[in-house]
Amino acid sequence: MTGVTFPPLMSGVAVQGPEDPFETACMRAALGCDAGLVVYNLGSDIVRAALVFAPEVPLQQAIAMLPLCGVGLQNALGALAPPEVAVHLEWSGGLRVNGAKCGRLQVAASTDDPSSVPDWLVVGLELPLWPASDETGDTPDETALYAEGCADVAADALLESWARHTLNWITRWEDEGTRPLHAEWRGLAQDMGEDIVFGDVKGSFLGVDEDFGMLLRTGDTTQMIPLTTLLESQR
């Protein structure tokens, strides 16, 4: 594998072995690194990466970078994977390939106050390439990219494509607002209109509000669960 090439306004730092790109990106962000930094670890069986943002809007709006990065990944796989491979996005950051769980996105920020503009925000990606076990029948609801007909998708090419498509959506979000992102995400959302369980609450997933808060109907009541609920704690 040759070096990974990132689009303008982005730069990359590779880490090796057990080092977690998400944790490293959060540490670098807290120390004041530039926005657009992608920290990545391309293992033989998993792609792990994290993208640093420097938001200029309150966290309540900036948290949209989580679904935005998911849309970027779906677009990247749409460009590289066979056309029959279906990618869907869980509201909570989980990724689905051909209906089965296949990695996740996670998010952290310098603050958990929705009304404050964060100093930084980081979205992390984990995407398994090969199943963790040869006994795939034991976990039929879990899969890996190469087990779904994507063996020709190189990890470095996928990372480059994710960066390009994500940057394109960032530009659209800045120029056009949330409407195009909402439209794209709704077409990829997992379980919309279905009964789901989130935490200790079970209800019907009606959709999302303008800031991607989950609208969950339980009985005669509809509650909104903010996307900021998904923030990873930073020690």
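No experiment lies behind these values; they were computed from the predicted model shown. When reading the values below, keep in mind they use all heavy atoms of this one structure, side chains included, and skip hydrogens, waters and symmetry mates.
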Hey, does the side chain of [X] reach the backbone of [Y] with a donor-acceptor pair shorter than 3.5 angstrom?
| X | Y | value |
| --- | --- | --- |
| Y146 | V153 | yes |
| Q106 | G124 | no |
| N98 | V85 | no |
| T221 | R217 | no |
| T143 | A100 | no |
| D209 | D211 | yes |
| H88 | V97 | no |

Hey, any chance [X] and [Y] share a hydrophobic cluster, counting ILVMFWY side chains that come within less than 4.5 Å of each other, even indirectly?
| X | Y | answer |
| --- | --- | --- |
| V117 | M65 | no |
| L80 | V87 | yes |
| L77 | W130 | yes |
| V201 | V208 | yes |
| I46 | L127 | no |

Evaluation steps, salt bridge (charged side-chain N to carboxylate O under 4.0 Å, His left out), between R28 and D34: CA-CA 9 Å; R28 285 178 175 250; D34 290 336; over 6 Å; no
Measuring from atom [atom1] of [X] to atom [atom2] of [Y], what distance do you get when rounded to the nearest 0.5 angstrom?
| X | Y | atom1 | atom2 | value |
| --- | --- | --- | --- | --- |
| R186 | L89 | CZ | CG | 13.5 Å |
| F198 | L216 | CZ | CG | 9.0 Å |
| I170 | C69 | CD1 | SG | 6.5 Å |
| I225 | L215 | CD1 | CG | 9.0 Å |
| Q74 | W185 | CD | CH2 | 13.0 Å |
| T5 | M10 | OG1 | CE | 13.5 Å |

Pair S115-D113, side-chain donor/acceptor within less than 3.5 Å: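 Yes, a side-chain donor-acceptor pair sits under 3.5 Å.
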Residues T24 and E19: side-chain donor-acceptor under 3.5 angstrom: yes
Non-hydrogen atoms of [X] and [Y] that approach each other most closely:
| X | Y | result |
| --- | --- | --- |
| P67 | L227 | CD-CD2, 3.6 Å |
| N41 | G17 | ND2-O, 2.9 Å |
| A76 | L158 | CB-CD1, 4.3 Å |
| L95 | L125 | CD1-CD1, 3.8 Å |
| A147 | P131 | CB-CG, 4.2 Å |
| A109 | L231 | N-CD2, 3.9 Å |

So, do [X] and [Y] sit near enough that their side-chain heavy atoms are less than 4.5 Å apart?
| X | Y | value |
| --- | --- | --- |
| L68 | T166 | yes |
| V71 | L188 | yes |
| F205 | D195 | no |
| V4 | L42 | yes |
| L105 | V107 | no |
| V13 | V38 | no |
| L206 | M192 | no |
| V57 | E174 | no |

Verdict with reasoning, D119 to T111, per side chain to side chain contact (heavy atoms under 4.5 Å, CB included): CA-CA 8 Å; D119 295 328; T111 179; over 6 Å; no
For [X], I'd like to know if atom [atom1] has over 12 heavy atoms of other residues, nucleotides or ligands within 6.0 Å.
| X | atom1 | value |
| --- | --- | --- |
| Q223 | CD | yes |
| R172 | CZ | yes |
| D175 | CG | yes |

Intermediate values then yes/no, side chain to side chain contact (heavy atoms under 4.5 Å, CB included), V122 and E23: CA-CA 9 Å; V122 172; E23 293 181 359; over 6 Å; no
Ring centre gap for F212 and W91 strictly below 6.0 Å: no
Aromatic ring proximity, centroids under 6.0 angstrom, F6 and Y40: yes
CA sep, side-chain torsions, deciding dist, call: R104, E232, salt bridge (charged side-chain N to carboxylate O under 4.0 Å, His left out): CA-CA 13 Å; R104 64 168 182 153; E232 302 271 340; 3.7 Å; yes
Working for side chain to side chain contact (heavy atoms under 4.5 Å, CB included), residues N75 and N168: CA-CA 10 Å; N75 289 178; N168 176 63; 5.6 Å; no
Side chain to side chain contact (heavy atoms under 4.5 Å, CB included) assessment of W162 paired with L51: CA-CA 10 Å; W162 178 57; L51 174 56; 4.3 Å; yes
